Amino acid sequence: MNKLFLVLSAVLLSCCSGESIEVELRNNDVSFSATLKNYGKRIQTGYKVSGALKIINHSTNEVQYSNRDLFVKIIGEGESRTHSDSLSSPVIDIDTVPIKPNATLEQEVYWVLPPVKSLAAERVVLEWRN
């Protein structure tokens with residue numbers, strides 16, 4: 001009985017641990033850094049994965065950005081576009097917002113991704129489809 005409890009506890013802890021991963025992308029003069037945290041509640045066919053997104057415009061020109069153009073892809077499993085996790089700036093989910101030259105945009109975001117045992121064990125990439 002004690003061995004069964006120990007095994008079940010280990011499985012539960014590994015599924016619910018505070019694992020987070022960071023994924024980066026450089027597209028021309030724009031760099032993206034996304035931190036994906038734990039899985040949350042079920043949404044449609046996937047699960048909400050909360051995170052943080054940082055975008056830096058290294059160019060001398062203004063860049064137009066929208067969350068609908070940035071995707072997190074788990075190779076072989078599925079993908080999701082980025083969604084704002086804040087009610088204060090919903091325009092970024094449906095339209096573009098400007099990022100001035102040498103400026104940074106940071107926001108709390110989420111993705112709806114298929115369940116996997118461990119994000120750290122998967123091949124996770126960012127794609128900017130502008």
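Given the structure is predicted, the values throughout are model-derived calculations rather than measurements. The first residue of the sequence shown is numbered 1, and numbering continues consecutively from there.
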Going by side-chain hydrogen bond (donor to acceptor under 3.5 Å, both in side chains), Asn67 matches just one of Asp93, Thr96, Thr82, Asp95. Which one? Asp93
Applying the side-chain contact (heavy atoms from CB on, under 4.5 Å) test to Val30, which of Leu25, Ile56, Asn130, Val63 qualifies? Val63
Gap between atom CZ of Arg129 and atom CG of Asn27 - 0.5 Å precision: 12.5 Å
I need the minimum non-hydrogen distance between Ile21 and Val23, along with the two atoms involved. CD1-CG2, 4.1 Å
Would Arg42 count as a cation-pi partner of Tyr47, with NZ or CZ less than 6.0 Å from the six-membered ring centre and within 45° of the ring normal? yes
Measuring from atom CH2 of Trp128 to atom CZ of Arg26, what distance do you get when rounded to the nearest 0.5 angstrom? 11.5 Å
Between Val124 and Leu70, is there a shared hydrophobic cluster once you connect ILVMFWY residues whose side-chain heavy atoms come closer than 4.5 Å? yes
Is there a path of hydrophobic side-chain contacts, each under 4.5 Å between heavy atoms, that joins Trp111 and Val125? no
Once rounded to the nearest 0.5 Å, what's the spacing between atom CD of Glu62 and atom CG of Asn57? 8.5 Å
Atom pair CD1 (Ile99) and CG (Asn61), whose distance is rounded to the nearest 0.5 Å: 13.0 Å
Value rounded to 0.5 Å, distance of CG in Leu53 from CD1 in Ile92: 8.0 Å
Closest non-hydrogen atom pair, Glu22 against Ser33: OE2-OG, 2.9 Å
Between Glu122 and Ser118, what is the shortest heavy-atom contact and its length? CG-O, 3.3 Å
Looking at every heavy atom in both Ile43 and Lys48, which two are closest together, and how far apart are they? CD1-CB, 3.6 Å
Drop me the distance from Leu126's CG to Lys73's NZ, to the nearest 0.5 angstrom. 11.5 Å
Over all atoms of both residues, closest heavy-atom pair of Gln107 and Tyr65: NE2-CE2, 3.8 Å
Test side chain to side chain contact (heavy atoms under 4.5 Å, CB included) on Glu108 and Ser50 and set out the steps. CA-CA 8 Å; Glu108 293 298 312; Ser50 297; over 6 Å; no
Verify side chain to side chain contact (heavy atoms under 4.5 Å, CB included) between Leu113 and Leu36, making sure each step is shown before the conclusion. CA-CA 11 Å; Leu113 294 168; Leu36 286 76; 4.0 Å; yes
With side chain to side chain contact (heavy atoms under 4.5 Å, CB included) as the criterion, how do Ile74 and Leu119 come out once you've worked through the C-alpha distance, each side chain's angles and the decisive distance to 0.1 Å? CA-CA 8 Å; Ile74 301 174; Leu119 284 171; 4.1 Å; yes
Please verify the inter-ring angle class for His83 with Tyr110; under 30° counts as parallel, over 60° as perpendicular, anything in between as tilted. parallel
